[in-house]
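Take a look at the structure below.
Position 1 is the first residue of the sequence, and the numbers go up from there.
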Amino acid sequence: MNAYAPVNGLRMYYEIHGSGDPVVLLHGALSGIETSFGALLPLLAKNRQVIAVEFQGHGRTADVDRPLTYPQLADDVAALLRHIGVDRADVLGYSMGGGIALELAMRHPDAVRKLVLASVTYTVDGCHPGLFEGMAELTPDMLVGTPFEEEYLRLAPDPQAFPALVEKVKGFDLSWRGWSEEAVRAITAPTMVLIGDSDLARPEHAVEMFRLFGGGVFGDVAGLPDAQLAVLPGTTHVGITQRAEWIAPMVDEFLDR
């Protein structure tokens with residue numbers, strides 16, 4: 001099923017695949033459902049109902065005259081779930097979508113059963129040094145011929161708006177200051193932290209997040225915590241989207257546990 005929902009002034013695109021317990025997929029910046037989850041979505045849909053969305057200005061959802069912010073994007077997702085009658089769901093977010101998943105769990109805790117946070121940091125310094133300086137230098141020309149530009153040109157309501165989206169995402173990233181440890185620790189949803197070993201997130205930071213969610217105990221004595229940590233070998237930030245054969249069974253096991 002492919003459809004649009006009237007959400008907070010948007011005509012927000014979403015898809016529903018499969019049947020069973022719902023899991024919501026939240027894509028990365030400058031991406032859409034296909035470039036973030038083209039490999040993973042059909043595997044997850046074998047066992048559960050997959051709800052995949054496209055955010056403001058991304059994919060098939062047209063932009064509107066407002067900035068991109070984590071609170072607004074999280075509220076958009078919550079409103080869409082209410083619109084389609086889903087009271088509570090598991091949520092898997094990748095990159096920017098992982099930050100939106102975090103914000104969703106903070107602002108709408110009753111809507112989130114379990115979280116999978118892929119390639120996410122909760123602070124600026126959780127990323128490798130220089131990443132945000134590099135973001136400041138990003139131009140649309142640097143993305144010519146990439147899967148991100150190709151997807152946008154093929155699907156967007158206004159294909160000429162890709163440069164405007166790049167500028168909006170740059171402003172979004174460069175204005176972000178992160179979340180406090182207290183805010184992350186207060187999330188009650190069981191959470192899996194998932195990164196590549198050569199991701200934008202530093203491995204040390206992923207361990208910090210894992211501990212904030214209750215992980216890092218001696219499980220044979222204390223019992224397994226609700227949190228899980230997965231570090232995929234030989235995997236980059238973009239490369240994690242191609243590790244579906246590894247990720248799907250881990251996510252299925254975590255969500256079913």
**Complete:** Between A201 and V120, the two heavy atoms sitting closest are CB-O, 4.0 Å
**Within 6.0 angstrom of E245 CD, more than 12 heavy atoms from elsewhere** = no
**Minimum heavy-atom distance between L115 and F254, given as atom pair plus value** = O-CE2, 3.4 Å
**Prompt:** Under a 4.5 Å cut-off applied to non-hydrogen side-chain atoms, are H205 and Y122 in contact?
**Reply:** yes
**Asked** Are H83 and P6 side-chain neighbours, meaning at least one heavy-atom pair lies under 4.5 Å?
**Response** yes
**Message:** Could you check whether E208 pairs with R211 (Lys NZ or Arg NE/NH1/NH2 to Asp/Glu carboxylate O, under 4.0 Å)?
**Reply:** no
**Asked** Can you find a pair of side-chain heavy atoms, one from M250 and one from Q228, that are under 4.5 Å apart?
**Response** no
**Request:** Could you tell me whether the side chain of L255 reaches within less than 4.5 Å of the side chain of D21, counting heavy atoms only?
**Result:** no
**Prompt:** If you group Ile, Leu, Val, Met, Phe, Trp and Tyr by side-chain heavy-atom gaps below 4.5 Å, do M106 and F213 land in one group?
**Reply:** yes
**Request:** Output every pair passing ring pair (Phe, Tyr, Trp, His ring centres under 6.0 Å) with a member in residues 21-61, not counting sequence neighbours, ordered by first then second residue.
**Result:** H27-F55, H27-H58
**Prompt:** How many angstroms lie between CD1 in I100 and CG in D75, if you round to the nearest 0.5 Å?
**Reply:** 11.0 Å
**Prompt:** In the hydrophobic clustering (ILVMFWY, side-chain contacts below 4.5 Å, transitive), which residues join V221, or is it alone?
**Reply:** F218
**Message:** Measuring from atom CD1 of I195 to atom CG of L229, what distance do you get when rounded to the nearest 0.5 angstrom?
**Reply:** 7.0 Å
**Interatomic distance, N47 atom CG to S19 atom OG [nearest 0.5 angstrom]** = 9.5 Å
**Asked** Do the charged groups of R48 and D252 touch, with an N to O distance under 4.0 Å?
**Response** yes
**Request:** Drop me the distance from D173's CG to K168's NZ, to the nearest 0.5 angstrom.
**Result:** 14.0 Å
**Request:** Quick one: closest heavy-atom pair of P22 and I51, and the distance?
**Result:** CB-CD1, 4.1 Å
**Asked** Is the shortest heavy-atom distance from the side chain of I187 to the side chain of W179 under 4.5 Å?
**Response** no
**Request:** May I ask you to test the Y152-L143 pair for a side-chain heavy-atom distance under 4.5 Å?
**Result:** no
**Asked** Of the non-hydrogen atoms in A62 and L10, which two are nearest, and what is the gap between them?
**Response** O-CD2, 4.0 Å
**Prompt:** Do you know the tightest heavy-atom contact between A74 and R107?
**Reply:** CB-CD, 4.4 Å
**Request:** Start with the C-alpha distance between N8 and R66, add both sets of side-chain angles, then the distance that settles side-chain contact (heavy atoms from CB on, under 4.5 Å), and finish with yes or no.
**Result:** CA-CA 11 Å; N8 298 333; R66 69 180 192 193; 4.0 Å; yes
**Message:** Within this structure, what is the CD1-OG distance for the pair I240 and S95, rounded to the nearest 0.5 Å?
**Reply:** 9.5 Å
**Message:** Apply salt bridge (charged side-chain N to carboxylate O under 4.0 Å, His left out) to residues K170 and E167 and explain how you reach the verdict.
**Reply:** CA-CA 5 Å; K170 281 174 61 176; E167 291 304 310; 3.8 Å; yes
**Prompt:** At what distance, to the nearest 0.5 angstrom, does CG of D63 lie from CG of L165?
**Reply:** 7.0 Å
**Request:** Of all the heavy-atom pairs spanning S36 and S31, show the shortest one and how long it is.
**Result:** OG-OG, 2.8 Å
**Message:** A side-chain contact here means heavy atoms from C-beta on lying under 4.5 Å apart; do T139 and M142 qualify?
**Reply:** yes
**Item:** Within one Ile-Leu-Val-Met-Phe-Trp-Tyr cluster: Y4 and L81, side-chain cutoff 4.5 Å
**Value:** no
**Contact check, side chains of D90 and V116, non-hydrogen atoms, under 4.5 Å** = no
**Same cluster (ILVMFWY, side-chain, under 4.5 Å), I247 and V50** = yes
**Name of the residue among T191, V193, T123 meeting side chain to side chain contact (heavy atoms under 4.5 Å, CB included) with M209** = V193
